[in-house]
Amino acid sequence: MATPILEVTGLYRYFGGLPAVRDVTMRVPAGERRLLLGPNGAGKTTFFNLIAGDYPPSQGEIRIFGQNVTRKSANQRTQLGMARTYQIITLFPKNTLLHNVVISLVGLRDIRFNPWSDLRRQAALWDEARATLALVGLEHLADRTVSETSYGERRRLEIAMALAQKPKLLLLDEPLAGLSADERQDVQRLLQSIPRDVTIVMIEHDMDVALAFADVITVMQHGQVVVEGSRADVVADPKTREVYLGH
Amino acid sequence: MRFSAFNALPRLLVFAALLAMPWLVTSDYYVNIASQIVIAAILALSLNLLIGFGGMISLGHAAYLGVAAYLTIYLTAHAGFGHLTGAVIAIGATTVLAMLFGYLALRASGLGFLMITLALGQILWGVAYRWASLTGGDNGLGGLKRPHPFGLDLNDPIIFYYFVLFFLAIAVWCIARFIQSGLGQSLQGTRDQPRRMRALGYNVWLIQWLSFVFSGFWGAVAGLLYAYYHQFVSPQTLHLTTSAETLLMVIAGGTGTLLGPVVGAALVVILKNVVSAYITRWLILLGVIFVAIVLFMPEGLVPGARRALRALRGSSRTDTVAEASSIAKDGA
Amino acid sequence: MPRFCILLSTTVLAVLALTPAQAAEPLKVGFMTVRSGALAAGGRQMEEGLKLCMDEHHGEMAGRKIDLITADTAGQPAVTKTKAQELVERDGAQVLIGPLAAFEALAIDDYIRQTKTPIISPSAAAEDLTQRKPNPWFVRAVGTSAQAHHPLGEYAAKDLHYKKIAIIADDFAFGHEIAAGFQRTFEENGGKVVQKLWSPLNTAEYGTYITQIDPDVDAVFAAFAGGNGIKFLSEYKNYGMQKPVLGAMTTVDEGILKRMGNEAVGVISAGWYSAAIDTPANKKFVAAVRKAYNADPGYYTVGAYMACQFLNNALEQVKGDISNKEAFMKALRNVNIPESPYGPVKLDKFGQPILDITIRKVEKKDGRLQNVVIKTYPAVSQFWTYGADKFLKSPVYSRDWKPAK
Amino acid sequence: MNFWIIQGLNGLAFGSLLFILASGFSLIFGLMRIVNLSHGAYFMLGAYVGLSAIEAGVNFWIAILIGGGAICILGGVLERFILRRLTGQPLAQVLVTLGIAFIIADTCVWIWTGDPRPVPMPSELTGAFRISHLAFPIYRLFVIGVAFALAATLWFLLERSRLGAMIRAGVDDLPMARAMGIRTSLLFTVVFCLGSALAGAGGVLAGPILSVYPGLDTDMLPLALVVVILGGVGSLLGAFIGSLIIGFIYSYGQALFPDLAYVILFLPMVLVLTLRPTGLFGRQAI
């Protein structure tokens, strides 16, 4: 069996003595679409943040692409080929969409340490950013500032910034949250167009879209994994029902 | 990107005024004041790199001014080094100090960062005060003769003025490039969204540290010129009040702009040195001006004046305004 | 036409040294004081002393009107230099009086040499200004740091018969120099400095230092400047300390003595001046100060007053003609005032006054604290009894001059 | 042995003084996130006002109230008309609070002439308290007592009173406090007045030990910052323990390492902050 893209073993994270993530173990093989489900406060976002490296786990091990990254910083993990979007949108609101994507591109290039070369003159970067925006259908808004765009457009920009980095592992934190029906379809189509060599782990509450999209589903509650399996298995499992209806 | 005439004009005017200055005034005294403004402006610009573009409020920037000045005078006037060697070592060693201070200060952020820089500055002040055998203690260190680079007699106030103005021009140029460079843009990203930047693959700490060192380097250049100008340095140069004054120059002029620190430097230097001859309680006036700036132009004099100008021009030219604002934000 | 007159007076007539014509043109004197910041109190006293002297001469010296231009250095060396430039280059000052602090005087030392501007120091006491780095354009109207404390060391050993003394002093050059001068003569006369405590100039409270004082000493020599004397003495008393205190001139200077209470009574100090000196010249001076400012003159008041008198004396020697700076400087170095608040004053070849040093004791008299004179050492040189050559060859007075035993 | 006792007492007394100085600063920062760089100036102005009151014949205890009251009013006015508009703008806060500090400092030189002035001690507290051959000033013992009483009062105020409940709600989550119907606008003014009053009264109280002089403000401000940062920002307990630690470092440090006297406060601070950037008792990043 090939090395899993993401492998998490016995992961714990405490906040002030309270466990937010408890003994989570998970393997995500290459190309899989994995969905994380669970009620609010189940620890999904904390789990994401642990994988992304925002803070270290209290216990346990994280491997991406077969490499132990438990003690590696967020930016080091990104350099390995991981990208993420945020639940609460964090962009640079005063800059243009294009600029935002360029910043994303620069993150993986040595020019980020260059104190001299004018970023505005790096035509290749700007072209690539424009192409990425085209991918998510935002090229016509490239020169708008983020603050002038709609919520749905920002969501797509979030995804564009992640895709711009050509990740092999993509973490999507509620990419559909707060979107209108039309926008949902746009984003859904966008997600489906992502090639299979990108492994995706996604948190999402919209069951219809998510279930249609996912290969394997993990249900979390109280920081623990409750059920894990294929779509059909999880839907059929009584514990899933308990998690959702019990509350 | 095009630069609109609207946006470039004030800068051109300021630059022309700086160039023509010695011919506009009646006494060498004013030329010397202008030299001091220019030196203070270089220091303020370097601090602005941290504050305006990096969001790191430092209260210890006098460290680089003072250490470079001490080293320059000590090396050239007391340790027998030549002017060029002395200058290179002074700036080099001060930059190395910035590396160390950056390493320590960037352990914290926000108020913690401010306090570490303050504390490091005060430690240097204490060392300068106490290590009298090297620094002359509170009596200070003097005896430096101004150099004659390329046959220029820097004892002539006008030549000296153009000499420091040349350095200001280089500093503005380098800093303007820096702001638009990959590192500069990354720094501005870490200021606005450090966590996001990390997720995008940026080593936030390293970017801040490199910028810190870059800022320290320009602080050292200001220190070198300070030593040439005053030919004397004492612990007061390193004191918290110098750091605070520089911080106030930056904030009053407008953080995150190129012109702001220059205007702020002019304001403080003129009040302290020129206005004090006419108004005994000039310090009250300075305080009142600071309060007034906050009340009427909380973003600082330069951005505030820009805003006022824009308002005067009315809404008929909204497109130009939008562009101007985007450039201003990019770090004009 | 007026321009022609000026031209005439400054060139042709000046060469001929026809003084009456010069009376038309006022002499510009730049005065550097401190009006803002921590040293403002001393600055104000200097202004008062200077004004008194100017008024005494009705704004005229040797027949020339004096045009006094005052500048605030804020007590900062960098500003001091700018202010010197302002006075000399912009306002055309021909003579400077000031500045207040030694580090200010040192900050403009090079500038004074470059511009060859005669300067009279009304307060800066740093030894080297008239010793190892004498500036030909500089004279001082006050004693050096150690000048008054050489006699005090001898007095403590010979007259007070103290054997063991602890020194506590401000940890900066002025304190170092005072302490070293005192220690030198005290130990040469059989005493022993058993402890030296150096408190930073900005020490918040002296409890930590007071409680370290060796309980076996005969007395404590406390050398403080500015307001530190006030803090130290009141704390000293509150800690129940009984050992007698010797002070430096500035520890119980009249400028702060007026703010002290009983804790200061009995402190013996030395100085080149005391408001209680019983001579007609001083009585007249003190009465004038008391009338104008309702306070006894101290270090800064009398320093500035005397600097102004030096100027007057030198101007009279050159009959108001300052166009020949070298000649004026020579006259300034040649100042000889037989009667002054200080007593008789003349200068040595380094530009440093030779002064009567008084040993004073704080007593309550006429409802106020006064430095009552208990002994006078006449005509004391900055080199004490060592002579310039021997003195200048011995180690510089510094913090590490000689460790305590 | 005597050395350790007496320097310990010195440290305790100085730490107490620092707490009186820093408590108001900490209170204001904790709730309002305002770094009030005028705090040192408030302290100095309070001392001057108290001094003038005493010289006008008022008794020492009333003078403390007058000093505190004057600064309380000053702080309230400044909060209402200036600082209020600057929420979340740290740079503007730095500029305006330092500007106000300049104005106050120079005004003090103007009014009180710049002479260093001791604040007279109440006669019942002069002199030294003696046990065997140890002597310690009574006034300092008194200051220690005041600091502990103040700490207890502030603790009670914050933890047990209605005002305290509102302040704590505001510190924890401002929008939530507002939603719960707490008049945060008034709360801010009250807290700022309280913090200012503590500075002013503290100035009078410290006057007999520190005396008043131009520059007292800039001598004291870094100390307040050191205490608050070292203890952990906005934590009253942190400020209290931080004050005592600084007090001990100050007295033992100056006695044991006289050569380090000039840097004795800042060296440990750099060490602590580089090892523990949130301060000794701070929980969150600052």
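Given the structure is predicted, the values throughout are model-derived calculations rather than measurements.
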For [X] and [Y], which heavy atoms make the closest approach, and how far apart are they?
X      : Y      : value
B/Y29  : C/E89  : N-OE1, 3.5 Å
C/K81  : B/H230 : NZ-O, 3.3 Å
B/T280 : C/R35  : CG2-CD, 3.5 Å
C/N202 : B/W125 : ND2-CH2, 3.7 Å

Item to complete: List the steps, then state whether side chain to side chain contact (heavy atoms under 4.5 Å, CB included) holds for C/Q114 with B/Q231.
Response: CA-CA 12 Å; C/Q114 278 162 25; B/Q231 298 161 278; 3.4 Å; yes
Portion of [X] that has a non-hydrogen atom of chain C nearer than 4.5 angstrom:
X      : result
B/L141 : neither
B/Y229 : both
B/A132 : neither

Inter-residue atom distance [X].[atom1] - [Y].[atom2], 0.5 Å rounding:
X      : Y      : atom1 : atom2 : value
B/W282 : C/D72  : CH2   : CG    : 6.5 Å
B/R130 : C/D171 : CZ    : CG    : 6.0 Å
C/L106 : B/S234 : CG    : OG    : 9.5 Å

Against chain B, label [X] side chain, backbone, both or neither, depending on which of its atoms sit under 4.5 Å from a heavy atom there.
X      : result
C/A78  : both
C/D170 : neither
C/I69  : neither
C/R399 : side chain

With the side chain counted from C-beta on, respond yes when [X] and [Y] share a heavy-atom pair under 4.5 Å apart, and no when they do not.
X      : Y      : value
B/F232 : C/D110 : no
B/S27  : C/E86  : no
B/N139 : C/F172 : no

Worksheet item: Under 3.5 Å, side chain of B/K272 to main-chain N/O of C/V79, donor-acceptor pair present?
Response: no
Item to complete: Tell me, out of C/E104, C/Q85, C/K83, C/R90, who's got the most heavy-atom pairs with chain B below 4.5 Å.
Response: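 Option with the top pair count is C/R90.
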Worksheet, complete the sentence: Of C/A102, C/A107, C/A173, the largest count of non-hydrogen pairs under 4.5 angstrom with chain B goes to C/A107
Practice prompt. Heavy-atom pairs under 4.5 Å with chain C are the metric here; pick the option from B/S276, B/G136, B/G140 that has the most.
Written response: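 Counting heavy-atom pairs under 4.5 Å, the top option is B/S276.
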Practice prompt. Pick whichever of B/L283, B/N32, B/D138 has the most heavy-atom pairs under 4.5 Å with chain C.
Written response: B/D138
Item to complete: Inspect the surroundings of NZ in C/K196 and state if more than 12 heavy atoms from other residues, nucleotides or ligands are less than 6.0 Å away.
Response: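 Buried by this count: over 12 neighbours within 6.0 Å.
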